[in-house]
A.B. asks: 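Quick one: the structure is below, questions incoming.
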Protein chains: 2
Amino acid sequence: MKPVSQLAEPWGSLPGRLRARGLRWTAQREAVVRVLASADGHLTGAEIVDRCRAIDRLTIPSTVYRTLDALEALGLVRHAHGADGREEYHVRPGGEHGHRYCANCGRHWDIDPDSPAGASIVGAFAAEGFVVDLSHVTVVGRCDDCD
Amino acid sequence: MKPVSQLAEPWGSLPGRLRARGLRWTAQREAVVRVLASADGHLTGAEIVDRCRAIDRLTIPSTVYRTLDALEALGLVRHAHGADGREEYHVRPGGEHGHRYCANCGRHWDIDPDSPAGASIVGAFAAEGFVVDLSHVTVVGRCDDCD
DNA sequence: ATTAATGCAAACGGTTTGCACTACT
DNA sequence: AGTAGTGCAAACCGTTTGCATTAAT
C-alpha cells in the first residue's frame, strides 16, 4: 500500500503539518486520511467510520469523529447536513459544492459552483445580500428519470 | 379557549375529515393541531413535542410523531430537514417555501417560491430536468448583517 | 517527560418500535 | 364490539462526553 507521504496533496504533507502544530500522526488518523483521500467527495460521518472499520476492525467512532474535528480545524474537510439529516463531510479537494437529491430514487449529484444552477443560487442570494455557502446547500426534488 | 371547530382551515374541519377516513379525534391530536395552527410556519419535531407538553405535561413523544405522520398523510404538514439536521415540519397554510439560515447568527428566513431567489432556484434546476421541492431546500450562508 | 490521542463505556438527543391497554366510533 | 390510538419502556442511530490509559513527540 502506497505510503501516506505519496498521497496527493493535501494529504501527503499532512503528517508534517500536524506535527508543526504540535499535533500527532497516528495509525488511526492514517486510516481516516486514507478513507478521505480515496473518496474525494462527500461522506457521512457514519460512512467514514464504516470504511475505517474496513481498514481496522477495531476502529472506535469517537476517535474518527475527533480526527475529523482536527482535520476540519485544518480546513481539510467541512461538514454540512445531508437530506437525511446526517453529518456529511465534504473532502476539500473536491471543491466547494452543494448537493442535489432525488426524493424518489435517492440518487444525488453535486451542485458545482460553476454550473448554471450553482451560479444562479449563489447569484440570486447575493442580490439579497446573502453569501451562500454552497457546501451547505441541499436541494431535494425529483430527477428527470423519476418524473 | 376557542374550540377546534373555530380554528382557521384546514384545522377547523380536521376532526370530521379524520373520522371520514375511519381515523379518530383525540385530546392528544387536538393538542398537536393547536400547536400547528398557532405556528403556521415551520417547527422541528422536538419543538412540537415541547409545545404539546406545555399544553399537557404528560405528552408522549411517540404519540406526537405518530400524529404528525397521520397529518402528513392528509397533506396538512410536510417534513424536511433543517440546517442542524433535525426533522422540520412545515405547516401547510404557510405555503411551500425553503429555508435560508445564517451560519453566524442563526437567524433564518423563508425562501418564497415567488421571490427572485426562490424562483431562480426552481428555474435553474428545471433547466436540468430536475423538479425542486422548495420545502426541502435549505441554504446556509452569511446574512448581510454578519458580513 | 510531556501531553495529544486513544479505547472504552456511558450518555446524549431526537426519533421509532413493540406491545398491552384505553377509549373513540 | 371493533379497532385506532395511546402510554410506556425500550431500542434505535449517529454523535459526543469523561476519564483512565497509551503512545507520539
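Per chain, numbering begins at 1; letters A, B, ... match sequence-line order. Everything numeric in this text was worked out from a predicted model, so none of it was measured.
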A.B. asks: Counting side-chain heavy atoms from CB outward, which of D/dG14, C/dA23, C/dA5 is closest to B/R24?
C.D. replies: C/dA23

A.B. asks: Please classify the nucleic acid contact of B/T26 as base, sugar-phosphate, or nothing, using heavy-atom distances under 4.0 Å.
C.D. replies: sugar-phosphate

A.B. asks: What integer distance in Å separates B/E72:CD from C/dT16:P?
C.D. replies: 10 Å

A.B. asks: Looking at C/dT6, D/dA9, D/dT25, which one has an atom nearest to any side-chain atom of A/R19?
C.D. replies: D/dT25

A.B. asks: If only side-chain N and O atoms of A/Q28 are considered, is one of them under 4.0 Å from the OP1 or OP2 phosphate oxygen of D/dA23?
C.D. replies: no

A.B. asks: Assign each of A/G22 and B/W25 to its nearest nucleotide of DNA chain C by heavy atoms, then name whichever residue's nucleotide is nearer the 5' end.
C.D. replies: A/G22

A.B. asks: Just how far, in rounded Å, is P of C/dT16 from CD1 of B/I48?
C.D. replies: 12 Å

A.B. asks: Let me know the distance between CZ of B/R53 and P of D/dG7, rounded to the nearest Å.
C.D. replies: 11 Å

A.B. asks: May I have the distance from A/I60 (atom CD1) to D/dT22 (atom C1'), rounded to whole angstrom?
C.D. replies: 13 Å

A.B. asks: Let me spell it out: for each of B/E47 and B/P15, pick the nucleotide of DNA chain C with the closest heavy atom. Which residue's pick is nearer the 5' end?
C.D. replies: B/E47

A.B. asks: Decide yes or no for B/C143 and B/Y101: does some side-chain heavy atom of the first lie under 4.5 Å from some side-chain heavy atom of the second?
C.D. replies: no

A.B. asks: Is it the case that the base of D/dG18 and the side chain of A/R66 share a donor-acceptor contact (distance under 3.5 Å, atom types as modelled)?
C.D. replies: yes

A.B. asks: Can you tell me how far apart CG (B/L58) and CG (B/D56) are? Round to the nearest 0.5 Å.
C.D. replies: 5.0 Å

A.B. asks: Fit a plane to each ring of A/H97 and A/H90, take the angle between them on a 0 to 90° scale, and name the class: parallel (under 30°), tilted (30 to 60°) or perpendicular (over 60°).
C.D. replies: tilted

A.B. asks: Looking at the side chain of A/S62, which of C/dA4, C/dG7, D/dA9 is the nearest nucleotide?
C.D. replies: C/dG7

A.B. asks: Would you mind classifying the nucleic acid contact of B/R29 as base, sugar-phosphate or nothing, using non-hydrogen atoms under 4.0 angstrom?
C.D. replies: sugar-phosphate

A.B. asks: With rounding to the nearest 0.5 Å, note down the distance linking CG in A/L134 to CD1 in A/I111.
C.D. replies: 6.0 Å

A.B. asks: Quickly work out the B/D69 CG to D/dA4 P distance and round it to whole Å.
C.D. replies: 16 Å

A.B. asks: Do A/D110 and A/R100 meet the salt-bridge criterion of a basic N to acidic O distance under 4.0 Å?
C.D. replies: no

A.B. asks: Starting at atom CZ of A/R21, determine the distance to atom P of C/dA5, rounded to an integer number of angstrom.
C.D. replies: 12 Å

A.B. asks: Does B/L58 or A/P61 map to a spot on DNA chain D nearer the 5' end, using the closest nucleotide for each?
C.D. replies: B/L58

A.B. asks: In whole angstroms, how far is the C1' atom of C/dT6 from the CG atom of A/L23?
C.D. replies: 15 Å

